[in-house]
Trainee: 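Have a look at this one.
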Amino acid sequence: MPLDLLVGQKMEIILRFLVLIFLLNASLRCIAQAKVLHYDFVLKEAKFTKLCSTKSILTVNGTFPGPTIRVNKGDTAFVTVHNQGKYGVTIHWHGVRQPRNPWSDGPENITQCPIPPKTSFTQEIIFSAEEGTLWWHAHSDWTRATVHGAIIISPAPNTTYPFPKPYAEETIILGEWYKGDVMAIIDEALATGGDPNVSDAFTINGQPGDLYNCSSATTYSLKVDSGKTYLLRIINSIMNEEQFFGIAKHKLKLVATDASYTKQITADYLMISPGQTMDVLLTANQSPSRYYIVSTPFADSTAPFDNSTTTAILQYNGNYKPPSSIPFPTLPTYNNKTAAENFTKRLRSLASKAHPVNVPRSITRRIFITVSVNQIYCPSASCSGPDGNRLSASLNNISFQTPTIDILQAYYRNLPKVYLSNFPTQPPYYFNFTGDVGNNTIYPSLGTKALLVNYNDAVEIVYQGTNVGAAENHPMHLHGYSFYVVGTGSGNFNNKTDPKSYNLIDPPEVNTVGVPKNGWVTIRFIADNPGVWFMHCHLERHASWGMNTVLIVKNGRTNATSIRPPPKYMPPCSKS
């Protein structure tokens with residue numbers, strides 16, 4: 001062998017070895033820098049005065065919204081929930097992947113039973129690939145209306161944002177306020193079969209804003225310095241309405257959604273669904289003054305909704321004459337479906353070397369799910385829903401029935417008669433989903449059915465909205481995963497022509513996606529997180545009516561690809 005070739009081969013081996021050592025050191029450095037943090041969440045009743053009246057609500061640590069969890073990418077947090085409330089509650093860490101750890105995911109009677117009053121439960125929150133803004137919330141009935149807060153995941157040490165570091169950051173949580181008792185509202189609706197009462201006000205960081213009675217003095221104010229750029233972490237925690245959001249005379253530059261970076265989008269408004277988070281850059285580049293921050297509902301349905309407006313104030317620091325009237329942003333009208341879809345269609349993953357995408361190309365498991373609002377027949381028209389029936393909802397015409405023993409425990413311990421593993425991978429029969437559906441699919445079947453997939457399956461799910469009942473946009477959320485939204489469209493999905501329009505290069509990676517009214521959306525992901533994971537509509541009334549199922553991802557062949565053993569203590573189930 002020529003000497004120069006031999007030297008070249010040796011140099012290549014040495015270089016490869018040095019690269020390996022560098023990567024190993026970098027990995028060890030990341031492991032060494034990852035922190036373990038501890039939080040205490042005390043669930044308790046606290047009194048708040050809003051909209052001219054005072055009432056007691058369930059809170060965490062006495063605040064509304066609740067406390068913020070702050071971590072770096074790769075950290076682990078242990079949160080001990082002390083339930084000092086009146087009834088059992090669970091807490092869910094929305095959008096956190098929780099690798100191999102469904103035991104701490106939190107949905108009631110799916111991965112655990114409620115934490116009983118006067119007891120505590122410690123949950124281990126494992127942060128892995130997420131970077132950006134997520135949130136936590138109660139996952140029992142409608143308790144998340146007041147029990148929720150932000151999760152801020154900063155870049156790992158020695159790394160930074162894929163954009164210039166902002167001067168400061170602020171969290172903006174979109175919520176709502178009910179004058180009545182939230183649990184009583186949903187209990188009555190489920191008892192009568194009718195629609196639940198809508199909220200009485202929307203809120204920004206817990207405050208309704210000055211368009212509501214008795215609310216001007218407490219309107220939230222965001223103070224900024226002229227010329228500076230701020231990172232706004234926006235969370236939609238609202239129960240049943242998607243939202244348009246904007247700030248008068250200021251552009252919003254979207255840089256991330258659901259803790260995944262995006263190509264930057266400059267917009268006059270956002271459309272953000274319940275469950276979603278969006279990180280935006282705001283540059284204070286207008287004349288020093290005061291400007292309205294506004295959030296209004298997007299509702300493209302005939303179903304009742306809260307058609308009110310919440311406000312906050314963007315206030316420049318410094319000395320200037322206050323305006324005689326504060327500028328107000330122009331947002332789309334409440335039913336502007338085109339405006340909502342035009343914003344959503346612009347979302348793209350950053351897809352850079354530091355933040356790559358891994359879109360499955362060769363699909364091994366295809367699933368087609370119809371999403372519908374239904375009815376359950378009531379004898380003698382004795383219920384308060386349409387035609388005297390009970391309102392219901394379904395996936396593939398199955399309305400989910402929540403068991404009394406959590407499905408994770410039943411799966412892990414092979415407990416019989418808790419759930420069935422035969423959730424269908426396609427609807428019971430095909431029809432004109434988005435046209436004249438007649439009465440053929442109004443009445444769903446009832447059941448507790450899970451969808452099983454193999455470890456490492458490349459999964460594609462097409463969600464098909466239907467014109468059954470009150471058609472509208474449905475924000476579908478999958479626990480334990482982020483997924484790529486590779487396609488969306490109106491009308492009935494065509495499995496021959498519509499896949500040709502898929503974006504497999506830089507689709508957005510999210511954990512919650514809106515299924516368009518009378519349209520479809522396709523998602524893809526690799527099923528590499530074994531466990532029991534809830535899949536449901538994040539409009540809370542639809543989840544209460546059964547628009548849910550459970551995805552069970554089987555174990556791989558090794559311990560490292562299998563569900564972790566359960567912790568020593570789990571909250572007891574009533575019939576376990």
Side-chain angles (χ1 to χ4, degrees), residues 92 94-95 97 105 107 110 134-135 137 139 144 236-243 257-258 260 271-277 298 300-301 303 340-341 344-345 347 365-374 393-400 423-427 433-434 444 449-451 453 459-466 468-490 493 507-525 527 533-551:
H92 167 56
H94 185 111
R97 180 178 169 84
D105 189 48
I110 305 299
L134 294 173
W135 64 302
H137 61 82
H139 215 303
R144 81 170 175 88
N236 186 352
S237 74
I238 292 169
M239 303 283 281
N240 291 305
E241 285 91 5
E242 294 159 304
Q243 295 283 297
T257 182
D258 287 0
S260 179
M271 201 293 283
I272 181 168
S273 294
Q276 290 182 327
T277 67
F298 165 58
D300 57 356
S301 172
E341 292 179 355
T344 302
K345 287 178 179 178
L347 299 179
R365 192 70 187 276
R366 297 183 188 276
I367 300 160
F368 188 88
I369 299 177
T370 52
V371 184
S372 304
V373 174
N374 309 86
S394 68
L395 298 177
N396 273 350
N397 215 40
I398 298 171
S399 186
F400 185 80
F423 182 87
T425 57
Q426 58 183 349
F433 299 120
T434 58
K449 297 189 176 184
L451 172 63
V453 300
V459 180
E460 177 181 284
I461 299 178
V462 178
Y463 293 110
Q464 173 70 63
T466 77
V468 178
E472 63 181 295
N473 187 299
H474 298 283
M476 296 300 299
H477 172 49
L478 175 59
H479 293 215
Y481 286 89
S482 290
F483 47 78
Y484 295 102
V485 181
V486 298
T488 186
S490 59
F493 177 76
E509 185 178 14
V510 298
N511 60 61
T512 305
V513 63
V515 181
K517 176 181 179 179
N518 286 330
W520 56 271
V521 67
T522 301
I523 69 171
R524 289 185 175 185
F525 60 94
W533 307 110
F534 204 28
M535 180 194 296
H536 63 97
C537 180
H538 226 277
L539 299 182
E540 207 64 27
R541 68 183 191 280
H542 292 171
S544 298
W545 294 339
M547 194 177 282
N548 322 308
T549 189
V550 172
L551 177 73

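If you read the sequence from its start, that first residue is 1, and numbering goes on from there.
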Trainee: Take Phe400 and Val550 through the test side-chain contact (heavy atoms from CB on, under 4.5 Å) and record every step on the way to the result.
Mentor: CA-CA 9 Å; Phe400 185 80; Val550 172; 4.0 Å; yes
Trainee: Test of understanding: with side chain to side chain contact (heavy atoms under 4.5 Å, CB included), list the residues that count as partners of Pro475, not counting sequence neighbours.
Mentor: Glu242, Ser273, Pro274, Asn473, Thr512, Cys537, His538, Leu539
Trainee: Parallel, tilted or perpendicular: which one describes the rings of His477 and His536, with boundaries at 30° and 60°?
Mentor: perpendicular
Trainee: Is it the case that the side chain of Asn240 and the backbone of Glu540 share a donor-acceptor pair, with hydrogens and angles ignored and the cut-off at 3.5 Å?
Mentor: yes
Trainee: Taking atom CE of Met535 and atom OH of Tyr463, what is their separation to the nearest 0.5 Å?
Mentor: 3.5 Å
Trainee: What pair of heavy atoms forms the shortest contact from Tyr484 to Pro507, and how long is it?
Mentor: CD2-O, 3.7 Å
Trainee: Would you check if the distance from the ring center of His139 to the ring center of Phe534 is below 6.0 Å?
Mentor: yes
Trainee: If we ignore hydrogens and angles and just use 3.5 Å, is the side chain of Asn548 paired with the main-chain N or O of Ala543 as donor and acceptor?
Mentor: yes
Trainee: Can you list the residues that meet the salt bridge (Lys or Arg N to Asp or Glu O under 4.0 Å) rule with Arg365, with sequence neighbours excluded?
Mentor: none
Trainee: Which heavy-atom pair separates Ser394 from Ser399 by the least distance, and what is that distance?
Mentor: CB-N, 3.9 Å
Trainee: Out of curiosity, Phe368 CZ to Thr522 OG1, how far, rounded to the nearest 0.5 Å?
Mentor: 8.5 Å
Trainee: Quick check: closest heavy atoms across Glu472 and Ala303, and the distance to 0.1 Å?
Mentor: OE2-CB, 4.2 Å
Trainee: In Å, rounded to the nearest 0.5 Å, how long is the span from CH2 of Trp533 to CG of Leu451?
Mentor: 15.0 Å
Trainee: Does Glu460 have any salt bridge (Lys or Arg N to Asp or Glu O under 4.0 Å) partners at least two apart in sequence or in another chain, and if so, which?
Mentor: Arg366, Arg524
Trainee: Check Ala527 against Val459 and note the closest heavy-atom contact, atom names and distance.
Mentor: CB-CG2, 4.1 Å
Trainee: What's the shortest heavy-atom distance between Ala470 and Val373, and which atoms?
Mentor: O-CG2, 3.9 Å
Trainee: Indicate yes or no: at least one non-hydrogen side-chain atom of Val486 is less than 4.5 angstrom from one of Ile523.
Mentor: no
Trainee: Strictly distance-based, threshold 3.5 Å: is any side-chain N or O of Asn518 a donor or acceptor partner for the main-chain N or O of Phe433?
Mentor: no
Trainee: Has His94 got a side-chain atom pairing as donor or acceptor with Gly275's backbone, closer than 3.5 angstrom?
Mentor: yes
Trainee: With sequence neighbours excluded, what pairs up with Thr257 under the side-chain hydrogen bond (donor to acceptor under 3.5 Å, both in side chains) test?
Mentor: none
Trainee: What I'd like to find out is whether the side chain of Pro107 reaches to under 4.5 Å of the side chain of His479, using heavy atoms alone.
Mentor: yes
Trainee: Could you check if a side-chain atom of Phe525 sits within less than 4.5 angstrom of a side-chain atom of Ile461, using non-hydrogen atoms only?
Mentor: yes
Trainee: So Trp520 and Phe493, would you call those rings parallel, tilted or perpendicular, with 30° and 60° as cut-offs?
Mentor: perpendicular
Trainee: Only counting residues at least two apart or in another chain, list the ones meeting side-chain hydrogen bond (donor to acceptor under 3.5 Å, both in side chains) with Thr344.
Mentor: none
Trainee: If you measure from CG on Leu551 to CZ on Phe423, what distance do you get to the nearest 0.5 Å?
Mentor: 10.0 Å
Trainee: Have Thr370 and Thr466 got a donor and an acceptor in their side chains that come within less than 3.5 Å?
Mentor: no
Trainee: Report yes or no: does Asn396 contribute a side-chain atom to a donor-acceptor pair with the main-chain N or O of Ile398 at less than 3.5 Å?
Mentor: no
Trainee: Verify side-chain contact (heavy atoms from CB on, under 4.5 Å) between Val371 and Gln464, making sure each step is shown before the conclusion.
Mentor: CA-CA 6 Å; Val371 184; Gln464 173 70 63; over 6 Å; no
Trainee: When you measure from the side chain of Ser372 to the backbone N and O of Asn397, does any donor-acceptor pair fall under 3.5 Å?
Mentor: no
Trainee: Which value, rounded to the nearest 0.5 Å, describes the distance between His542 atom NE2 and Leu395 atom CG?
Mentor: 11.5 Å
Trainee: Check for a donor-acceptor pair, side chain of Arg97 on one end and backbone N or O of Ser482 on the other, with a separation under 3.5 Å.
Mentor: no
Trainee: Report the residues that fulfil salt bridge (Lys or Arg N to Asp or Glu O under 4.0 Å) with Glu241, sequence neighbours left out, ordered by chain and then residue number.
Mentor: none
